[in-house]
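The structure appears below as structure tokens.
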Amino acid sequence: MTQIFNAITQKENGARLSGSVIRNGGLVAFPTETVYGLGANGLDGAAVQRIFEVKGRPNDNPLILHVAKKSDVKALWHDIPEKARILMDTFWPGPLTIVYNKSSVVPDEVTAGLPTVAVRMPDHRCALALIREAGVPIAAPSANLSGKPSPTTAEHVKDDLWGKIDVILDGGPCRVGLESTVLSLVGTPAILRPGGVTKEMLEAVIGEVAVANAVLHPLGANEKAASPGMKYKHYAPDAQVIIGMHPNPRAAAGLIAREYDVRESRGERCVIFASKQTEPFYRGRTCVIIGDRKDPSTMCAALFSSLRAYSGKADVILTESLPETDMGLAYMNRLLRAAGFETIEE
Ligand code: AMP
Ligand code: MG
């Protein structure tokens with residue numbers, strides 16, 4: 001049985017009960033500012049193992065530990081490098097996960113056997129209250145079935161996990177809508193997964209930051225992913241996703257409109273994910289505005305829920321590329337995976 005609590009009106013009860021569920025080895029889905037997480041006691045290997053089973057997540061894809069205060073990392077990392085201190089002071093609580101050498105208290109189930117562990121402090125009252133009540137770091141991936149778009153509302157979590165987990169805390173829609181930035185501080189700082197804390201923001205405080213090749217490119221057959229999650233098919237709705245790639249939005253819209261017309265004439269159900277700026281170029285075609293190109297964070301916030309909304313309802317979802325700067329990098333990272341890297345170019 002799954003119990004659901006409103007994280008605002010049933011705040012005290014929900015957090016108290018969920019905290020004890022976590023301590024006793026159960027699973028709780030909870031809102032964060034990025035996406036909904038599926039949490040278990042991060043110090044209990046058997047509880048963490050249940051997350052993998054429920055999601056159908058490959059066992060070699062490690063989880064992020066969520067903490068309620070900065071000083072909690074002391075017990076989880078081998079030591080705290082200076083750059084981590086600066087980053088935590090600047091961006092925590094917030095959508096930045098830091099990967100660093102683990103201490104011996106972190107179970108292998110969390111790290112998939114890696115010598116490093118990923119940690120973050122979420123910027124969400126409900127998530128922080130839950131971690132405090134639990135009294136342990138909470139291991140949590142996104143609360144979806146593996147491979148599907150991450151959940152940004154409690155409704156999405158219900159669709160995927162109802163009956164399979166103990167509690168869902170409903171805190172309304174998530175602000176960022178994409179998972180956290182994952183930054184490795186083992187060796188040269190490198191972004192393994194882009195997110196709400198951008199490369200530009202990181203570089204302003206710690207200097208040059210590399211971007212792992214897998215962020216925007218499919219892994220080569222013999223290539224090893226710095227972040228195991230990058231090698232799996234991800235974020236895919238039940239529809240074919242195609243990206244019109246062009247730096248000029250008008251030209252991208254032209255590519256998309258042409259593809260739409262070809263597909264529609266074959267009887268395929270098509271929808272275009274447009275932006276405020278490009279919607280006029282798609283006249284007469286089925287199209288939804290998912291955000292404003294001038295503020296890519298609006299497109300990020302709507303991407304997963306839009307993919308879910310048309311999953312199984314359209315055969316083809318046609319989307320525009322964004323420049324790969326600021327939040328555009330995170331947007332393109334998720335969109336390319338949702339599309340299985342299928343693009344149309346001139
Ligand atoms: P999710 O839990 O679905 O948000 O995914 C967590 C992401 O963080 C995945 O892409 C993981 O591969 C990555 N990750 C977690 N722990 C580590 C680690 N120790 N080293 C590298 N990547 C990690
Ligand atoms: Mg995930």
Side-chain angles (χ1 to χ4, degrees), residues 58 61 142 144-150 152 177-179 192-195 211-223 225 227-275 278-279 281-282 285-291 293 296 299-300 302-325 327-346:
N61 191 6
S142 47
N144 54 298
L145 292 175
S146 206
K148 299 245 177 278
S150 297
T152 57
L178 297 184
E179 306 84 347
L192 307 182
R193 175 177 76 186
V211 176
N213 183 51
V215 165
L216 291 177
H217 304 281
L219 273 184
N222 298 317
E223 211 177 332
S227 183
M230 287 297 188
K231 67 182 184 214
Y232 295 107
K233 187 165 164 70
H234 249 127
Y235 319 123
D238 180 12
Q240 185 181 8
V241 179
I242 303 175
I243 313 171
M245 295 281 269
H246 202 289
N248 178 327
R250 192 177 191 130
L255 293 171
I256 289 168
R258 202 166 64 207
E259 186 71 17
Y260 182 107
D261 296 345
V262 171
R263 301 257 176 179
E264 196 187 42
S265 69
R266 288 194 222 141
E268 296 176 30
R269 295 168 301 169
C270 303
V271 61
I272 298 168
F273 288 0
S275 58
T278 52
E279 187 263 347
F281 305 140
Y282 299 122
R285 301 174 179 90
T286 305
C287 129
V288 282
I289 297 177
I290 69 162
R293 291 180 65 93
M299 314 250 317
C300 291
L303 180 64
F304 286 151
S305 58
S306 306
L307 289 172
R308 277 184 179 259
Y310 286 93
S311 182
K313 307 223 162 52
D315 300 309
V316 187
I317 300 172
L318 292 149
T319 62
E320 299 165 15
S321 61
L322 282 180
E324 289 142 10
T325 52
M327 284 298 281
L329 182 65
Y331 186 80
M332 289 307 293
N333 169 265
R334 305 311 192 278
L335 189 57
L336 282 161
R337 278 174 176 71
F341 293 91
E342 184 167 358
T343 58
I344 39 177
E345 283 160 64
E346 252 173 356

Decide yes or no for [X] and [Y]: does some side-chain heavy atom of the first lie under 4.5 Å from some side-chain heavy atom of the second?
| X | Y | answer |
| --- | --- | --- |
| I317 | P237 | yes |
| L303 | L307 | yes |
| F341 | P218 | yes |
| R308 | N144 | yes |
| R334 | E179 | yes |
| T343 | L336 | yes |

Measure across [X] and [Y] and return the closest heavy-atom pair with its distance rounded to 0.1 Å.
| X | Y | value |
| --- | --- | --- |
| E345 | M245 | CG-CB, 3.7 Å |
| N333 | A214 | ND2-O, 4.5 Å |
| A302 | I290 | CB-O, 3.2 Å |
| G195 | M327 | O-SD, 3.5 Å |
| G244 | I256 | CA-CG1, 3.9 Å |
| A257 | Y282 | N-CE2, 4.4 Å |

Please check this pair: side chain of S275 against backbone of I289, looking for a donor-acceptor N/O pair closer than 3.5 Å.
no
Between D238 and S311 (side chain of the first, backbone of the second, donor and acceptor by atom type, cut-off under 3.5 Å), is there such a pair? no
Kindly write out the residues that satisfy side chain to side chain contact (heavy atoms under 4.5 Å, CB included) with [X], not counting sequence neighbours, or none if the list is empty.
| X | value |
| --- | --- |
| P323 | R293, T325 |
| S305 | T152, H156 |
| N213 | H217, E223 |
| A309 | none |

Sorted by chain and number, sequence neighbours left out, ring pair (Phe, Tyr, Trp, His ring centres under 6.0 Å) with F273 holds for Y310
With sequence neighbours left out, the residues meeting ring pair (Phe, Tyr, Trp, His ring centres under 6.0 Å) with F304 are Y235
S321 meets the side-chain hydrogen bond (donor to acceptor under 3.5 Å, both in side chains) criterion, sequence neighbours left out, with none
side-chain hydrogen bond (donor to acceptor under 3.5 Å, both in side chains) filter on Y260, not counting sequence neighbours, yields T286
Value for CG (L216) from CG (L329), rounded to nearest 0.5 Å, stands at 5.5 Å
Taken to the nearest 0.5 Å, the spacing of T319 OG1 from I243 CD1 works out to 5.0 Å
Residues pairing under side-chain hydrogen bond (donor to acceptor under 3.5 Å, both in side chains) where one sits in residues 243-254, two or more places apart or in two chains, turn out to be H246-E346
Test of understanding: with salt bridge (charged side-chain N to carboxylate O under 4.0 Å, His left out), list the residues that count as partners of [X], not counting sequence neighbours.
| X | answer |
| --- | --- |
| R193 | none |
| R263 | E259, E268 |
| D261 | R285 |

Have E320 and T278 got a donor and an acceptor in their side chains that come within less than 3.5 Å? yes
